[in-house]
Amino acid sequence: MKNELTRLFIEQFQTSPQVIVRSPGRVNIIGEHADYNNGFVLPAAIDKAAYIAISLRADDEIHLCAVDLKENFSTNIHNLKPIGDVSWSNYILGSAAQFVKKGISLKGFNALLTSDVPIGAGLSSSAAVECATVFALDYLLRTGYERIEMVSMAQKAEHEYAGVMCGIMDQFASMMGKANQVIKLDCRSLSYQYVPFKLDGIKILLLNTNVKHSLASSEYNTRRAECEKAIELIKPHHPSVASLRDATVEMLDQYVLPVNELVYRRSRFVVDEMERLNDACKYLEQNDIASMGECMFETHEGLSSQYEVSCKELDFLVNFVKDRPEVIGARMMGGGFGGCTINLVQENAIAQLISEIKPAYEAAMNLPLDFYIASIENGTEIL
Ligand code: GLA
């Protein structure tokens, strides 16, 4: 990868890259739509990643090249702003802009991007690019930020340049991931713990619906607002409740349900999901994988019927595997409205499962089904 990227970089910019950074996509075992509600999540970095090669320039110009898309974009450091629909460059520019906002004097740069994180698959391809860019620029500008600071810069790039008011999970997992470990992250305090995730004979199988729903970002922001609405309804009675992390089912029953049934369903899912994550972590510690898998199925049910961020393609895939003993757990993953399901599957049964589910999905949905067996890898690093 390093040699190939160096070669492409020289071909594009007639100079060598000064740094090449790899930053991975992520999976999340359980704890969905919990991060922006200050709850816990259980993500991990995977073996699919974005790679960015960068060198600083002597002038103020910024030249970007996305190798896979065969697209280029140029601007300069005085003109940093989100661009209409050239989304990949927004992730890079948004990340660079965070340095300027911190008062760092940014320099012009050339950057070449490639990625094997499938786009729109719920594997955080955008967080991977943001983390890679922030990490590379931190190195080149010698700003020496802590990783945790860079996580927050990458998250702000997504807020400000992609317009998605995402939580902290994706950027955290990409930047902080460790091989064979999932991260139990408290999104309120940002304290975290690595939990070994080596399940004998079981693999993480990702099934990609290939649905990229255009509603994803607007509905995401709507869900966030709905959760905030629940807090508004509870707060007058319990002033110390700052987020759904502090809310109980009793509070929701008493103050939300009578006023707004939709907001009740949304917030009820979140409060239940926080409880489920706790249970799932306990089961994981006890090596009771079957019970952990049950929690995943329950999460899917909640995301589909209460939080309403699933779609018929995701539901099809989860329903198909639900009663198969070789599938320990499955659910839709990430923001929703398309992308992948995450499945914990007995390794020796994967080939047979694929040979059945692929034609069934393709015939029923008239879309191709892609699949990946994900391994858990280290987070952002210099190559
Ligand atoms: C997206 C967001 C994350 C998180 C998930 C849902 O991936 O970027 O911050 O909210 O959706 O759990």
Side-chain angles (χ1 to χ4, degrees), residues 23-46 48 50 87 90-91 94-95 117-131 151-177 182-188 190 192 206 208 212-213 215-228 243-245 266-267 269-274 276-277 280 295-296 299-300 302-304 306-311 314 331-342:
S23 199
R26 63 102 189 88
V27 289
N28 183 27
I29 306 299
I30 199 159
E32 214 64 271
H33 290 275
D35 57 357
Y36 56 84
N37 287 300
N38 277 348
F40 284 86
V41 290
L42 201 62
I46 58 171
K48 293 192 174 295
S87 59
N90 278 339
Y91 304 135
S95 301
V117 187
I119 295 171
L123 301 177
S124 301
S125 55
S126 59
V129 176
E130 290 148 2
C131 289
V151 167
S152 146
M153 292 165 77
Q155 182 195 21
K156 290 200 184 102
E158 180 85 25
H159 289 183
E160 293 163 13
Y161 278 65
V164 180
M165 296 309 290
C166 64
I168 196 94
M169 170 170 77
D170 304 347
Q171 290 80 8
F172 196 100
S174 185
M175 186 74 75
M176 310 290 281
V182 292
I183 312 169
K184 185 179 178 193
L185 168 65
D186 178 343
C187 299
R188 179 162 63 188
L190 294 187
Y192 59 98
L206 302 172
N208 187 352
K212 296 180 184 101
H213 210 292
L215 278 179
S217 54
S218 63
E219 285 294 314
Y220 184 90
N221 292 345
T222 305
R223 291 299 174 282
R224 239 192 124 131
E226 288 163 347
C227 293
E228 277 155 22
S243 67
L244 287 178
R245 168 78 173 271
R266 305 297 194 242
S267 49
F269 164 77
V270 172
V271 170
D272 288 349
E273 179 69 352
M274 291 188 189
R276 250 191 313 268
L277 181 133
C295 293
M296 293 172 71
T299 291
H300 184 80
L303 286 167
S304 181
Q306 288 176 290
Y307 216 63
E308 294 181 288
V309 291
S310 187
C311 59
L314 288 164
R331 62 179 195 81
M332 58 148 286
M333 192 175 64
F337 302 102
C340 286
T341 62
I342 176 170

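Whatever order the structure lists them in is the order used to number ligands and atoms, beginning at 1. Numbers for residues simply follow the sequence, beginning at 1.
- Ion pairing of R266 with E308 is present here, as a side-chain N (NZ or NE/NH1/NH2) and a carboxylate O approach within less than 4.0 Å.
- Defined by atom type and a distance below 3.5 Å, a donor-acceptor pair is present between the side-chain atoms of R276 and T299.
- Within 4.0 Å of ligand 1, protein heavy atoms come from R26, E32, H33, D35, Y36, C166, G167, M169, D170, Y220, G334, G335.
- Not counting sequence neighbours, the partners of D272 by the salt bridge (charged side-chain N to carboxylate O under 4.0 Å, His left out) test are R268.
- Taking each heavy atom of Y307 and R223 in turn, the nearest pair found is O-NE, 2.7 Å.
- Here Y36 pairs with H33, Y220 under the ring-ring contact (aromatic ring centres under 6.0 Å, His included) rule; sequence neighbours left out.
- Judged as a salt bridge (Lys or Arg N to Asp or Glu O under 4.0 Å), not a single pair has a partner in residues 119-128 (not counting sequence neighbours).
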